[in-house]
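Keep in mind that what you see is a predicted model, and the values were worked out from it rather than measured.
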Amino acid sequence: MMELIAQNMAPIMFVSLIGFLLLGYPVAFALAANGLVFFIIGVELAPLSNGTINLSWPLLNAMPERFWGVLSNETLLAIPFFTFMGIVLEKSGMAEDLLDTIGQLFGPVRGGLAYAVIIVGALLAATTGVVAASVIAMGLISLPIMLRYGYDRRIASGVIAASGTLAQIIPPSLVLIVLADQLGRSVGDMYKGAMIPGLVLTSIYLGYVALMSVLRPASMPALPKEARTLGSGVTSLAVALAAGLALFYGAEKYLETNHNPKDAGILAAALAVLVIYAVAVLDKALKINAMSRLAQQVVIVLIPPLALIFLVLGTIFLGVATPTEGGAMGAVGALILSAMKRRLNYGVVRDALAATTRLSAFVMFILLGARVFSLTFYGVNGHLWVEHLLVSLPGGEMGFLIVVSLLVFFLAFFLDFFELAFIIVPLLAPAAEKLGIDLIWFGVILGVNMQTSFMHPPFGFALFFLRSVAPKSPYIDKLTGKLTDPVKTSHIYWGAVPFVFIQIIMIGIVIAFPGMVMHYKGKAVDPSTIELKLPEMPGLGGGLGGLGGFGAPGAAPGSAPGGMGLGLPPLGAPGAPTGAPATPPQGGGASLVPAPMGLGGLPAASN
């Protein structure tokens, strides 16, 4: 019996960890306790394991070094920077300005507020990377407005919760940083790979709202005219957008011709955005009013977060900054934006630092617990057990991806994304690499899958965040003075269901079309287009045919009879004139293999 337990220590240890977590123990302590308990058991049962267990007491001496590896990990420094940036932006009122402005822009359209929530959710995701900040901000600001104008409570709740979870997959997502670290890949590559799937998922959300506005028009009415305080002016905005595109096109062509073509697009976009922003600010400050109020407000409100996105992601994609440095610049940029809005004070900084410290400590303790667990789990060959189990699945690569996606989706009902990333991903990565799966692609698939952990019950944190700010009892609307019904928990849960299905569909799309992610590698190089050219060599007759430069003293290069003053024949092809380059072989490009030759100008003997 003891021999059986010793030889199956890995699955027993894994099942015990799941039991600890289901009992509600904190993840960090459950990991560490599980690792230490099974380490003691493993040391005692090692003689009975037939070589399966490789644990001994001196192995604990490696623990301080493993802890130091976590504490000195510079990649994880990006987490506190991006968390601080997100919370400062939340306090700065940027979300409120964006929702109000974009809501009025789409106000005349049926479902316009829902479109605005999704677009603002994507912008907040690209600036904050924090789900809680996005969901709470939009729940506080947009949910009362949507209820005021007759939106269905389930659709309103689902749109807000789902849009907040875009911070999981759109860079600079915290989960992408953790996944890149656990998979041993570059955070910048992970960001590049996740950008298109994040935008596609946003587009599918918008498509769902458009479909529901046709099927159930009464569930998402347009804003009444009296609610659109910025008035009309879409034509003016379209003209400004056209001018910006024209400026972008001209600047891109100029930069491609006169500077580095690789960075021309990003630099041209930055120039066009800055010019349009300057024009809008001057137009409003000098009261020229060449642009409509709506156009002015849209440009002035949208450009600062877009500039912050460029400051963070643009510098990372250009290779100017590492993700950690990009996060530091983003934190400074958030402080500047908050100061520009006159919202920066001691309370904002204190709250941001406190929340950042809590999250960073949470991540750090989970990582330290995971180190204790992995030391024991690897000592009982648990990684080999998991690898053999997954690699032998039917269907090869596709079967592995489907089974892993189902496993992560199921575990997401009980674990949040940090726990999944630190416990499950290190076990899955070796099997994925052995099957030849690109780990950036694999990481993006996992990121989209983990996004569902925020949306489905019983532990969907986005649902909890929204529940904490949604009205729980009837209330009097401040603007209309009417009694408004509350939002029930069932409304929030049922509203999230369609978006969970959309996220499942998105997982299938990323698996079916890996090119959405693999573009991070850049353009593939065709070996047949590579040309190898030898440089011109002065004094050698212009090529390899003759070495006239070794002529007799005082003779001009290449002028000695026979081509060389050392009594040797020219080093060219047989019959080639002195000092002339050898004729390349027919039927192909240049060859690096010299023509056969012998001494005395005679052809070399054939083998």
Side-chain angles (χ1 to χ4, degrees), residues 27 79 82-96 98-99 113-114 116-118 120-147 151 153-170 172-175 201-202 205 351-352 354-356 358-360 362-363 412-420 447 450-473 475 486-500 502-503:
V27 177
I79 292 177
F82 285 123
T83 304
F84 180 82
M85 178 180 75
I87 296 171
V88 169
L89 289 176
E90 177 198 350
K91 304 290 185 183
S92 71
M94 185 186 73
E96 183 176 350
L98 285 171
L99 281 167
L113 285 176
V117 167
I118 294 172
V120 171
L123 288 172
L124 290 178
T127 50
T128 65
V130 182
V131 173
S134 299
V135 174
I136 291 174
M138 291 190 295
L140 287 171
I141 300 162
S142 63
L143 185 58
I145 301 174
M146 298 172 87
L147 297 180
Y151 269 67
R153 281 159 172 73
R154 288 181 295 180
I155 290 179
S157 302
V159 166
I160 292 173
S163 301
T165 62
L166 289 173
Q168 283 287 95
I169 192 62
I170 294 180
S173 163
L174 298 184
V175 71
L201 183 59
T202 305
Y205 284 173
D351 294 344
T356 301
R358 280 195 299 269
L359 181 64
S360 301
F362 171 75
V363 172
F413 277 87
F414 310 102
L415 304 174
D416 74 358
F417 72 95
F418 276 128
E419 296 157 2
L420 288 169
M450 291 179 189
Q451 191 178 353
T452 62
S453 69
F454 276 86
M455 289 294 292
H456 54 50
F459 301 118
F461 287 100
L463 309 182
F464 292 160
F465 297 146
L466 184 57
R467 175 69 281 175
S468 68
V469 297
K472 301 179 180 65
S473 57
Y475 66 98
V487 176
K488 299 178 181 177
T489 302
S490 59
H491 291 150
I492 297 175
Y493 278 9
W494 281 111
V497 169
F499 292 95
V500 172
I502 290 174
Q503 290 170 348

Check [X] against [Y] and note the closest heavy-atom contact, atom names and distance.
{"X": "A462", "Y": "A161", "value": "CB-O, 4.1 Å"}
{"X": "I87", "Y": "A352", "value": "CG2-CA, 3.6 Å"}
{"X": "A125", "Y": "P172", "value": "O-CD, 3.6 Å"}
{"X": "M138", "Y": "I160", "value": "CE-O, 3.8 Å"}

Answer yes if the side chains of T165 and Q451 hold a donor-acceptor pair under 3.5 Å, and no otherwise.
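A pair is found: one side chain offers a donor N or O, the other an acceptor, under 3.5 Å apart.
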Can you find a pair of side-chain heavy atoms, one from [X] and one from [Y], that are under 4.5 Å apart?
{"X": "L201", "Y": "I502", "answer": "yes"}
{"X": "S142", "Y": "V159", "answer": "no"}
{"X": "T202", "Y": "I170", "answer": "yes"}

Rounded distance (nearest 0.5 Å) linking atom [atom1] of [X] with atom [atom2] of [Y]:
{"X": "I492", "Y": "F464", "atom1": "CD1", "atom2": "CZ", "answer": "10.5 Å"}
{"X": "F82", "Y": "T356", "atom1": "CZ", "atom2": "OG1", "answer": "12.5 Å"}
{"X": "I118", "Y": "L123", "atom1": "CD1", "atom2": "CG", "answer": "12.5 Å"}
{"X": "Q168", "Y": "M455", "atom1": "CD", "atom2": "CE", "answer": "11.5 Å"}

CA sep, side-chain torsions, deciding dist, call: L99, I145, side chain to side chain contact (heavy atoms under 4.5 Å, CB included)
CA-CA 10 Å; L99 281 167; I145 301 174; over 6 Å; no
Look only at the side chain of R153 and the backbone of P486, and say whether a donor-acceptor pair between them is shorter than 3.5 Å.
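Yes; at least one donor-acceptor contact below 3.5 Å.
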Using only atom types and a distance under 3.5 Å, with no angle test, would you say the side chain of S157 pairs donor to acceptor with the backbone of R154?
no
Return the orientation label for the F499 and Y205 ring planes: parallel under 30°, perpendicular over 60°, tilted otherwise.
perpendicular
Using the rule given for side chain to side chain contact (heavy atoms under 4.5 Å, CB included), can you reason through L359 versus L174, listing the C-alpha separation, both sets of side-chain angles and the distance that settles it, and then say yes or no?
CA-CA 11 Å; L359 181 64; L174 298 184; 3.7 Å; yes
Derivation and outcome, side chain to side chain contact (heavy atoms under 4.5 Å, CB included), residues L143 and V469:
CA-CA 9 Å; L143 185 58; V469 297; 5.9 Å; no
Within a reach of under 6.0 Å around CZ of R467, are more than 12 heavy atoms found that belong to other residues, nucleotides or ligands?
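For R467, atom CZ is crowded (more than 12 foreign heavy atoms under 6.0 Å).
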